[in-house]
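Shown next, in structure tokens, is the structure this report addresses.
Per chain, numbering begins at 1; letters A, B, ... match sequence-line order. Since this is a predicted model, take the numbers as computed values, not measurements.
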Amino acid sequence: MFREFKKEVEQVLKEALEKASYESKRPELEESEHADISSRVAFLLAQAYKKSPAIIAADIVNHIQIPAENTLISDAAAVGPYINFRVNDSYFHKTLQQLKEGTETETTRGEKGKVIIEHTSANPDGPLHIGHLRNAIIGDVLVRVLKRAGYDVETHYYVNDMGRQIAVVVWGAERIAFDETKKADHAVADVYIAANRMVEENSDLLKDVGELMRKYEAGDAAVVKKYETVVNKCLSGIQASLQRLNIRHDLFVWESEFVRGGAVKEVIEALKQSGNIKFDGSAILLKLEGIEKALVIQRTDGTSLYTARDLAYHRWKSSTSDRIIDVFGKDHELVSQQLTKALEILRVKAPEFVIFEFVSLPTGSLSTRAGRYISVDELIEKIEERAYKEVEKRREDLDEVKKREIAREVGIGALRYDMVKVSPDKHITFDFEDALDIEKKGAPFIQYSHARACSILRTAEARGFGVTDYDAPVSLLTERSEKELIKKLSKLEYVVEEATTALKPHLLAKYARELAESFNLFYKYCPVLNAEDELRKPRLVLVDAAKTVLSDVLHLLGAEAPEEM
RNA sequence: GGGCGUGUGGCCUAGUUAGGACAUGGCGGCAGCCUCCUAAGCUGCAAAUCACGGGUUCAAAUCCCGUCACGCCCGCCA
């Protein structure tokens, strides 16, 4: 409802500016603690019209006409240079009415077009570590938010199966047996680390690895088979980890498809046509505007490079979607720029990039090859265990299965929230102890508010207060905490929209926390079950509506919404 | 050397795209609140030269210039 309110204020303000003969490009609206929405447009006009902002603000307010009916605005007032707008009773009423049938609106089903989002895309040479985790969670929250905003979303995991490191694993797998007692991706990592050591100690072995790569690119059936076995083995382990985090991909796109399917050749051909190509011996280079070094897209020996394969991949994505989003680590930023320029040359829509800064350990940067990483599996294990202890402390009354279930939901929620709450362009030094410390204002805090709402509704039913009656008079909800909560509820769609256009998933985390805070204050100051009949009815409506939004926002963050904890 | 990003109370963090009303929260610290719907909650207190130095402006955490610190990138790797 906040979006509608904001739009109406914009309109009303625009009309008033015209009537008062002021010209301003923007309404200068901002959320404010002094009003429901506030305009600082008077500041901008002060210079041009050589009057004090306060006088202009008062003048504008005098020209403001709030519609007699069907409006969400209660009043507009000039407070010094600011013009403050407030919502009216119907705003509260409509907000709750809208939540009657849940929050799924008519825009929720793919009508904004198709967006392909690529995230995680860890090399299949070992398990996911905490760096991949940040990528996966930022990506997954965006997926959920975009769906909610009305996009038809397709999620891709781009499988780098043509790199040297995968060849090393395949080479190693010919000599070293996988430890079948281990989770598949961990077994692959063992082989990778061991094989890598062998290759490093004896550089003659590199020839074998190179031979494997050439045969794979050429499509040698036996080699392809070996690759597929190894890559699929690793991916199965990775997928299992992702599943525990409530993350799934629609499509696993293998790099090699673009080589053997001919798409890479086509891209190189198209680039040749463009005239931005130069040759260095038999190698092919692409000149890019504003980037000093030309990009090599084909080796002297004629084999393909990551860059060319990536171009083919993006050309394909572009042809089958309206919007492309790539979630990349900061180390890929230059690549993303090169990609953009190259796609421009191909006259193809470029992706939008969500670039996130690195996660490092207190001991230094992460490295799968050096075995220096914390795997996501280990992290999940430990955080669920920690959550279990917390549940046990509080709810000895529950049976084992239930306690485990809550611990899982709380643990995963906490982990995900922790990763998504900070802005992507902040560098993170990962501290195991900090992560395990189920933070007070993280996901469990929000889940707890939801559980409290559920508890009230459960008890209401048990006491025979009947179904929640959305026709109950909302006007009785006059307490400050009640009004604040409703206003907070009304902002979900607005936040979703902001997070979608700016591609900032952490906005959702912030909103979720604030929503839970609002609910907790309401809970504290407004008894529901013990209120008088007349008041209890609308309060139950508010609890029910809050439960809906809390649950929704938790799901948008990829966390569960437990009914009790 | 060049490019990108970050620097906000003891620690972590929001706000920087579009400059404006007392800089958002958390952790930790101190002091309180369970005869009342789950205390994973709530209330209060202490704690900030918004890295540093200039500049623009009526107004700067936010814009401009410079400096410093940290991270990442600058492969016929992926």
Would you kindly compare A:Glu255 and A:Pro444 by the position of their nearest RNA chain B nucleotide and give the one closer to the 5′ end?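 Taking each residue's closest nucleotide, the earlier one in sequence belongs to A:Pro444.
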
5'-most contact on RNA chain B: A:Leu305 or A:Asn520, nearest heavy atom basis? A:Asn520

Expressed in angstrom and rounded to an integer, what is the separation of [X] atom [atom1] from [N] atom [atom2]?
X: A:Asp425; N: B:C70; atom1: CG; atom2: C1'; answer: 15 Å
X: A:Lys510; N: B:C12; atom1: NZ; atom2: C1'; answer: 16 Å
X: A:Glu217; N: B:A78; atom1: CD; atom2: C1'; answer: 14 Å
X: A:Glu31; N: B:A18; atom1: CD; atom2: P; answer: 18 Å
X: A:Asp434; N: B:C27; atom1: CG; atom2: P; answer: 12 Å
X: A:Lys25; N: B:A18; atom1: NZ; atom2: P; answer: 13 Å
X: A:Glu30; N: B:A18; atom1: CD; atom2: P; answer: 15 Å
X: A:Ile446; N: B:G41; atom1: CD1; atom2: P; answer: 11 Å

Does the ring of A:Phe445 lie flat against the base of B:G41, closer than 5.5 Å centre to centre with planes under 30°?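 So no, this residue does not stack on that base, at least one cut-off failing.
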
Are A:Asp326 and A:His332 close enough that a side-chain donor and a side-chain acceptor fall under 3.5 Å?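 Not at all, the side chains of A:Asp326 and A:His332 share no donor-acceptor pair under 3.5 Å.
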
At under 4.0 Å, does any side-chain N or O of [X] touch on OP1 or OP2 of [N]?
X: A:Arg40; N: B:G19; result: no
X: A:Arg513; N: B:A14; result: no
X: A:Arg394; N: B:A40; result: yes
X: A:Arg299; N: B:C77; result: yes
X: A:Lys426; N: B:G7; result: yes

Identify whether any heavy atom of [X] sits under 4.0 Å from a base atom; if not, whether one sits that close to sugar-phosphate; answer base, sugar-phosphate or nothing.
X: A:Gln298; result: nothing
X: A:Ile284; result: nothing
X: A:Tyr523; result: base
X: A:Asp161; result: nothing
X: A:His34; result: base
X: A:Lys441; result: sugar-phosphate
X: A:Cys526; result: base

Sticking with atom [atom1], work out how far [N] lies from [M], rounded to a whole angstrom.
N: B:A21; M: B:G25; atom1: P; result: 15 Å
N: B:G41; M: B:C50; atom1: C1'; result: 31 Å
N: B:A14; M: B:G32; atom1: P; result: 34 Å
N: B:C27; M: B:C74; atom1: C1'; result: 39 Å
N: B:G9; M: B:U49; atom1: P; result: 8 Å
N: B:C34; M: B:G53; atom1: P; result: 49 Å
N: B:U8; M: B:U62; atom1: P; result: 14 Å
N: B:G28; M: B:G20; atom1: C1'; result: 34 Å

Do the side chains of [X] and [Y] get close enough for a salt bridge, i.e. N-O under 4.0 angstrom?
X: A:Glu564; Y: A:Arg452; result: no
X: A:Arg394; Y: A:Glu390; result: yes
X: A:Arg134; Y: A:Glu357; result: no

Check if the side chain of [X] and the base of [N] share a donor-acceptor pair of N or O atoms closer than 3.5 Å.
X: A:Ser32; N: B:A21; value: yes
X: A:Gln337; N: B:C4; value: no
X: A:Ser38; N: B:A21; value: yes
X: A:Thr300; N: B:C76; value: yes

Of the listed nucleotides [options], the one nearest the side chain of [X]:
X: A:Met565; options: B:A14, B:G25, B:A40; value: B:A40
X: A:Tyr306; options: B:A78, B:C37, B:C72; value: B:A78
X: A:Val296; options: B:C76, B:G71, B:C37; value: B:C76
X: A:His506; options: B:A40, B:G15, B:C37; value: B:G15
X: A:Asp331; options: B:A40, B:C77, B:C73; value: B:C73
X: A:Val391; options: B:G71, B:A40, B:G41; value: B:A40
X: A:His332; options: B:A78, B:C76, B:U43; value: B:A78
X: A:Val335; options: B:A14, B:A78, B:A39; value: B:A78
X: A:Leu529; options: B:C37, B:A78, B:A14; value: B:C37

Watson-Crick or G-U wobble partner of B:U67, both distances under 3.5 Å: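 The base-pairing partner of B:U67, which may sit in any strand shown, is B:A51.
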
Can you tell me the pairing partner of B:C42 across any strand shown, Watson-Crick or G-U wobble, with both distances under 3.5 angstrom? B:G32

B:C34: syn or anti, with syn meaning chi within 90° of zero? syn

CD-CD1 distance between A:Gln338 and A:Ile297, expressed to the nearest 0.5 angstrom: 11.5 Å

Here the gap from A:Glu405 atom CD to A:Asp399 atom CG, rounded to the nearest 0.5 Å, amounts to 9.5 Å

Using side-chain contact (heavy atoms from CB on, under 4.5 Å) as the criterion, point out the one residue from A:Leu235, A:Val230, A:Val231 that pairs with A:Asp161.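 With A:Asp161 as partner, side-chain contact (heavy atoms from CB on, under 4.5 Å) holds for just one option, A:Val231.
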
Identify the residue among A:Leu515, A:Leu521, A:Leu477, A:Val543 that makes a side-chain contact (heavy atoms from CB on, under 4.5 Å) with A:Leu485.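 Single side-chain contact (heavy atoms from CB on, under 4.5 Å) partner of A:Leu485 among A:Leu515, A:Leu521, A:Leu477, A:Val543: A:Leu515.
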
Full working for salt bridge (Lys or Arg N to Asp or Glu O under 4.0 Å) between A:Glu384 and A:Arg404: CA-CA 8 Å; A:Glu384 287 187 354; A:Arg404 286 284 166 199; over 6 Å; no

